[in-house]
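Keep in mind that this is a model prediction, so the values were computed, not measured. Chain naming here is simple, since letters A, B, ... match the order of the sequence lines and numbering starts at 1 in each.
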Protein chains: 2
Amino acid sequence: MSRKRAPTAETALEMAGSGPSERLTRNLDEVLAYQLRRAQEASFAAFAARVGEAGIWPGWYALLVVINDNPGINQRDLSHAVGRDKSTLTASLRELGKAGLIEKTRDEADQRSFRIALTAAGQRHLAELEFHADAHNKRLDRIIGSRNRTILLQMLRDLADNLSAE
Amino acid sequence: MSRKRAPTAETALEMAGSGPSERLTRNLDEVLAYQLRRAQEASFAAFAARVGEAGIWPGWYALLVVINDNPGINQRDLSHAVGRDKSTLTASLRELGKAGLIEKTRDEADQRSFRIALTAAGQRHLAELEFHADAHNKRLDRIIGSRNRTILLQMLRDLADNLSAE
DNA sequence: TATTGTTATACTCTATAACTATA
DNA sequence: TATAGTTATAGAGTATAACAATA
């Protein structure tokens, strides 16, 4: 996780803007899975561009939120919560630790695991990310119309929940 | 693009299913960007699992669609259409060529570029993918309610278009 | 024996930069 | 000089498997 560039972010923004030939993708317009990917990429790129300026690491967001909401969580549960393998957490948590955003303490009851919690700096950092997330969400609201927000969120949650269930 | 496994696909499905501790991610529920990612991942995983069984390469789908709709397209335009750098196309197109799905012929008018088109096999392959995409879309429709499909698609396209524009 | 977390390793996807050949 | 496509290289993100410590 070296922080030099956020390659996918800006570049995706640039490229997407300048379509040279009009509508080469007409027949993908109706493919839900494809539009889902486009929207996700665009949303991520925009969010990354926003927080990138502030020198904040967007990939940490979900991690910080879950830790904040579940202080003392261990890595196994954390990895399940964010849907990634536990092995991928090691590096991220080390970075978060180095940045002074989280604290790991041995679980006295079970010496195999750690209890992870945000430090004060971690809470401030999260607050800053929330601020940007908020601004980003408002931008998305303006695009889709804020009354549609609830519907869209519900549909997305339904999709994720139902497709995963089995 | 060695075809041995489709790691993200099945594994994501498995993991997402068995949440051990309930709702560790409550406060991410309202974060549109996050739910967008979850839905996209789940959708991709489900589609990959479906076509994976049939030995079909889901990453090729968008490429094949665009080529089919724009026979004779060159790599520069193709790369813009799918939103990837031209350098990433080289390998994919080589695979598609090896698989006998596309044909590259020199553009006589401009010897630097190629004209890319689907072969008959490519068209059959695309038809098979479309079949699976169709089934997948129907499954998504059942989840969100088919009347909501149009709305969702519109919102996703709006998001992608507006966020990229600038 | 089973589980938590780490390490070693590998694979996918994508990008940038330098290059070749044409224009 | 500029453009189309290729190659070399790198990095982010993720996974699996083997391992050490602990249960």
Side-chain angles (χ1 to χ4, degrees), chain A residues 1-16 20-21 37 40-41 44-45 48 52 57-63 72-80 82-95 97 102 104-116, chain B residues 1-16 20-21 37 40-41 44-45 48 52 57-63 72-80 82-95 97 102 104-116:
Chain A
M1 243 183 208
S2 88
R3 192 188 287 231
K4 274 138 200 169
R5 302 172 307 158
T8 4
E10 289 88 61
T11 37
L13 263 176
E14 285 166 22
M15 295 187 51
S21 24
R37 198 195 74 166
Q40 194 271 318
E41 277 186 9
F44 175 78
W57 209 235
W60 294 352
Y61 183 57
L63 244 24
I73 193 174
N74 67 16
Q75 293 184 211
R76 174 179 142 288
D77 289 347
L78 182 54
S79 83
H80 274 113
V82 299
R84 307 284 160 225
D85 189 85
K86 61 190 164 79
S87 70
T88 66
L89 257 51
T90 304
S92 301
L93 292 179
R94 184 155 41 218
E95 290 301 316
I102 61 159
K104 288 168 61 170
T105 50
R106 280 275 171 207
D107 185 336
E108 287 307 319
D110 184 342
Q111 298 266 314
R112 288 172 305 183
S113 52
F114 294 101
R115 304 192 135 272
I116 304 164
Chain B
M1 241 183 209
S2 88
R3 191 188 290 229
K4 274 138 200 170
R5 302 172 306 156
T8 2
E10 289 90 59
T11 38
L13 262 178
E14 287 165 23
M15 294 189 49
S21 24
R37 199 195 74 168
Q40 193 270 319
E41 276 186 9
F44 175 78
W57 208 235
W60 293 353
Y61 183 58
L63 244 25
I73 193 174
N74 67 17
Q75 294 184 209
R76 174 179 142 288
D77 290 345
L78 182 54
S79 83
H80 275 113
V82 298
R84 308 284 159 226
D85 189 86
K86 60 191 164 77
S87 69
T88 66
L89 257 52
T90 305
S92 301
L93 292 178
R94 183 154 42 216
E95 291 300 316
I102 61 158
K104 289 168 60 171
T105 51
R106 281 274 172 207
D107 185 335
E108 287 308 317
D110 184 342
Q111 298 265 312
R112 289 173 304 182
S113 54
F114 294 101
R115 304 193 134 271
I116 305 165

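When each of Arg37(A) and Leu89(A) is assigned the nucleotide of DNA chain C bearing its nearest heavy atom, the one mapping closer to the 5' terminus is Leu89(A).
Spacing between atom CZ of Arg76(A) and atom C1' of dA23(D) amounts to 13 Å, rounded to whole angstrom units. For Asn74(A) and dT6(C), the CG to C1' distance is 15 Å, given to the nearest whole Å. Separating the CD atom of Glu95(A) from the C1' atom of dG11(D) is a distance of 14 Å, rounded to the nearest angstrom. Rounded to an integer number of Å, the gap from Glu108(B) CD to dA4(D) P is 17 Å. Phe114(B) places its CZ atom 19 Å from the P atom of dT3(D), with the value rounded to the nearest Å. The nearest whole Å value for the distance from the CG atom in Asp85(A) to the C1' atom in dC11(C) is 14 Å. What separates CZ of Arg112(A) from P of dT22(D) is a distance of 11 Å, to the nearest Å. When rounded to the nearest whole Å, the span between NZ of Lys86(A) and P of dT16(D) equals 10 Å.
Under the 3.5 Å distance criterion, the side-chain polar atoms of Arg106(B) are matched with a main-chain donor or acceptor of Gln111(B).
Regarding contacts with the backbone of dT14(C), a side-chain N or O of Arg84(B) is found under 4.0 angstrom from either OP1 or OP2. Between Thr88(B) and the phosphate of dT14(C), there is no side-chain N or O to OP1/OP2 separation shorter than 4.0 Å. At dT6(C), one or more side-chain N or O atoms of Lys104(A) fall inside 4.0 Å of OP1 or OP2 (strictly under the cut-off). OP1 or OP2 of dT4(C) has not a single side-chain nitrogen or oxygen of Ser113(A) nearer than 4.0 Å. Within the 4.0 Å cut-off from OP1 or OP2 of dT6(C), at least one side-chain nitrogen or oxygen of Gln75(A) is found.
Residue Asp107(A) is classed as having no contact, given no heavy-atom separation below 4.0 Å to the nucleic acid. Across all strands, Arg94(A) comes closer than 4.0 Å only to sugar-phosphate atoms, never to a base (heavy-atom distances).
For Gln111(A), whose side chain is taken as the heavy atoms from C-beta onward, the closest listed nucleotide among dA23(D), dG5(C), dT7(D) is dA23(D). Listed candidates were dG5(D), dA15(D), dA23(D). Nearest to the side chain of Asp110(A) is dA23(D).
Taking only distance into account, the side chain of Ser87(B) meets the base of dT16(C) through a donor-acceptor pair shorter than 3.5 Å.
Of all the heavy atoms in Leu93(B) and Ile102(B), the pair that sits closest is O-CD1, 3.5 Å. The two residues Ser79(A) and Asp85(A) make their nearest non-hydrogen contact at CB-C, 4.0 Å.
Considering only heavy atoms from C-beta on, Asp107(A) stays 4.5 Å or farther from Asn74(A) through its side chain. Side chains of Trp60(B) and Glu95(B) form a contact here, defined as non-hydrogen atoms less than 4.5 Å apart.
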